[in-house]
Amino acid sequence: MNTSPLLPRLAGHVLVDQLRLHGTQHVFCVPGESYLPVLDGLYDAGIQVTVCRQEGGAAMMAEAHGKLTGRPGICLVTRAPGASNALAGIHIASQDSTPLILLVGQIERAARDREAFQEMDYRAVFGSQVKWAAEIDQAERIPEYLSRAFHVAQSGRPGPVVLALPEDMLGETLTVADARPYHIPVTRPAPEQTQALARHLARARRPLAILGGSRWNAESVQAFGRFAERHAIPILVQFRRQMLCPVDHPCFAGDLGLGTDPQLLAALREADLILAVGGRLSEVPSQGYTLFGIPNPAQTLVHVHPDLGELNRVYQADVAIPCAPADWVGTLDALAPTDTASPSTSLANAPGTPEAGADTIPADLLAERRARCTQLHDRRKAWSDPASIHHPGALQMGAVMAHLNAVLPADAILTNGAGNYATWLHRFYHFRAYGTQLAPTSGSMGYGLPAAVAAQRLYPQRRVVCLAGDGCFMMHGQEFATAVQYGLPIVVILVDNGMFGTIRMHQERHYPGRVSATTLRNPDFAAYARAFGGHGERVETTEAFAPALQRALDCGLPAIVHCLLDPEAITPNATLSGLRAQAGS
Ligand SMILES: Cc1ncc(C[n+]2csc(CCOP(=O)(O)OP(=O)(O)O)c2C)c(N)n1
Ligand SMILES: [Mg+2]
């Protein structure tokens, strides 16, 4: 609690003080005349301000901040035009369950409802996309609104919050006490839920864990890995949640994304127990809602999710545990014996577990499960072996990925947006640690570059690499200027196939030969990088990639490695002309 004598403050400064006391270290913004008192408060607040070139990029940076830290990313934008641009990032925060607070300048209160200059009803516009949208009408309630914004954004299933700030309200001077720093309470499973999980685990012949969502951290990822190993549970990760299990974990069996290994899907269909932790088993991981029965899955379902409203919403769970993954996983070490050498394993000594025996896993069953873990892990290794792939063209993406695996440190942060180019990363890159992946489960193009800028702002010492398509990059390519402005040595590997390749792929499948609105004539991206004050490379062959990447990594500037990919190489497994021929036959 603030015990210093209260002094009159500008409302905009009160707002900045709330940001600071709630732990904000970074904000991402595009300025506007609508919130000048806030900008003034930021002048000497000790908060790092990243001024961006477009509000969509700023909101994506705030989202990336939320994804990396688990705490609300803060984005400041001006009235309607700025807020409209920011919606692109708000949508990502919403679908990806990321805590984010968008602060929007608003017209002055006296002019409301006349369709004043840049007036917008933020509750109506953002209402379906955010957890809470509100307008602060009384300056003395700023501490209350900000406190609630932090709590709402980060608690339960995290997501975005929008607060509109009338211009005249921000300019008032007032005396008001600060709020206390926000605090998210811990969630714990009930003893009977743990018992039920133990019983199901003791019986399951083919269990599978599917990890997703947010509210994880490095410790809980490791703890879950230990739990899965003890109980011989293969681990799958949901679409673009690959940092939830390192590729070299003996139980890692793959990701449920786009272009998923058919053998993995077969294994999923055979599973008798699904332990879904953190995620929603949403459209992409459920392969278009085909993997699990709705509302009643054929498999036993144990679902752990931080939002009570999500549990049983689409899939009825046999055991529904309303817990944040990090909170829940934190209880697992205590639940299971640590003696992995014992012939059988048990959850019997879990607090509140009544009798030993019913939940003891028979040794032969455990051995069978271990063999299945190994089999699925080996299969994933083979599926994601870049050497197994050869496609048309002088630049081989398999070799590019193998090289990245070899040279990037385990804590390098990889970012991407949407497009077929991302398949290479998701399938072949070796994610080895929590906090190394920034990718939109919402499939939003343009995310990779702003996410890389945010990551490098947060972690100046870490290596940050963005993989972008030619289409994807140009959605927020202007933020390359932001990288230059702040001296951020991000490296963009820009995969240029001269088209919106994903959509062209769908065209060839459904309307073969009728190429409509998917061809792109691109600039020289290496020259683009140089024009902004960065470093540029052009790569046309496999042999040229490694030295070009090295120069980019070494130069200390934001860099673009412009890679020319044969348009025929549309996916790791298909060519464009092959798709056309197949569709036409
Ligand atoms: C903001 C946004 N606009 C449009 C789309 C639809 N879309 C998905 S992938 C894609 C093409 C991506 O092109 P590119 O980045 O060049 O990657 P490629 O598929 O060619 O590898 C488009 C237009 C989208 N997902 N997001
Ligand atoms: Mg492309």
Side-chain angles (χ1 to χ4, degrees), residues 54-61 63-64 84-96 129 239-240 257-259 282-284 389 391-393 395-398 400-401 414-429 439-452 466-480 492-511 515-525 528 539-540 560-577 579:
Q54 209 258 20
E55 291 85 352
M60 289 179 194
M61 289 183 207
E63 198 280 344
S84 306
N85 282 343
L87 186 55
I90 296 301
H91 171 68
I92 300 172
S94 170
Q95 286 233 308
D96 287 25
Q129 285 298 305
F239 183 48
R240 295 182 172 163
L258 301 165
S282 52
E283 182 170 357
V284 175
I389 297 294
H391 59 71
L395 175 64
Q396 291 294 313
M397 286 303 291
V400 167
M401 288 301 138
L414 275 290
T415 75
N416 64 269
N420 272 18
Y421 72 87
T423 315
W424 296 100
L425 193 67
H426 299 332
R427 180 164 160 188
F428 298 106
Y429 184 72
T441 73
S442 63
S444 302
M445 287 173 72
Y447 179 79
L449 179 62
C466 164
L467 201 72
D470 46 337
C472 201
F473 178 83
M474 293 215 73
M475 290 243 170
H476 287 289
Q478 67 276 60
E479 300 305 343
F480 196 74
V492 180
I493 299 174
L494 200 156
V495 185
D496 179 0
N497 57 3
M499 58 183 174
F500 288 124
T502 312
I503 313 306
R504 173 75 184 275
M505 172 182 76
H506 291 301
Q507 275 176 352
E508 293 294 357
R509 280 183 183 149
H510 297 280
Y511 306 98
V515 180
S516 177
T518 49
T519 303
L520 297 173
R521 180 175 165 176
N522 284 318
D524 172 346
F525 286 108
Y528 177 105
V539 171
E540 298 186 31
I560 296 178
V561 181
H562 183 188
C563 298
L564 287 120
L565 179 66
D566 190 322
E568 273 294 311
I570 191 67
T571 76
N573 299 98
T575 60
L576 256 195
S577 49
L579 288 180

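Start at 1 and go down the list; that is how both ligands and their atoms are numbered. Given the structure is predicted, the values throughout are model-derived calculations rather than measurements.
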With only distance considered, is [X] within less than 3.5 Å of ligand 1 through an N or O on each side?
X	value
Gly419	no
Ser444	no
Met499	yes
Phe500	no

*Do Asp96 and Thr441 meet the criterion of a side-chain donor-acceptor pair at a distance under 3.5 Å?*
yes
*Between the side chains of Asp496 and His562, does any donor sit under 3.5 Å from an acceptor?*
yes
Which ligand 1 atoms does [X] reach within 4.0 Å, using its non-hydrogen atoms?
X	value
Ala418	12 (C), 15 (O)
Asn420	18 (P), 19 (O), 21 (O)
Met475	1 (C), 3 (N)
Asn497	18 (P), 20 (O), 21 (O)

Quick one: does [X]'s side chain have a donor or acceptor within less than 3.5 Å of a partner on [Y]'s backbone?
X	Y	result
Asp470	Gly498	yes
Thr502	Asn420	yes
Gln54	Gly56	yes

*Angle subtended at the Mg ion (ligand 2) by OD1 of Asp470 and OD1 of Asn497, nearest 10°*: 100°
*Take every heavy atom of Gly443, measure it against each atom of ligand 1, and state whether any distance is under 4.0 Å.*
yes
*For the residue pair Phe473 and Tyr528, is the inter-centroid distance of their aromatic rings smaller than 6.0 Å?*
yes
*Side chains of Thr571 and Thr423: closer than 4.5 Å at any heavy-atom pair?*
no
*Would you indicate whether the side-chain heavy atoms of Thr415 and Met60 approach each other to under 4.5 Å?*
no
Of the protein's non-hydrogen atoms, which lies at the shortest distance from [atom], and what is that distance?
atom	answer
atom 14 (P) of ligand 1	Gly471 N, 3.6 Å
atom 20 (O) of ligand 1	Gly501 N, 2.7 Å
atom 15 (O) of ligand 1	Cys472 N, 2.8 Å
atom 16 (O) of ligand 1	Asp470 OD1, 2.5 Å
atom 21 (O) of ligand 1	Tyr421 N, 2.9 Å

*Is it the side chain (CB and beyond), the backbone, both or neither of Thr502 that lies under 4.0 Å from ligand 1, heavy atoms counted?*
both
Heavy-atom closest pair, residues [X] and [Y]:
X	Y	result
Tyr447	Pro440	CD2-CD, 3.5 Å
Ile389	Arg427	CD1-NH2, 3.8 Å
Ala452	Cys466	CB-CB, 4.0 Å
Cys472	Ala418	SG-N, 3.5 Å

*asked:* I'd like to know: is the Mg ion (ligand 2) within the 2.8 Å range of an N/O/S atom from Met499, strictly under that distance?
replied: yes
*Just go through Thr423, Ile92, Leu494, Ile503 and tell me whose heavy atom is the nearest to atom 8 (C) of ligand 1.*
Ile503
*asked:* Regarding atom 5 (C) of ligand 1: of the candidates Met445, His506, Arg504, which has the closest heavy atom?
replied: Met445
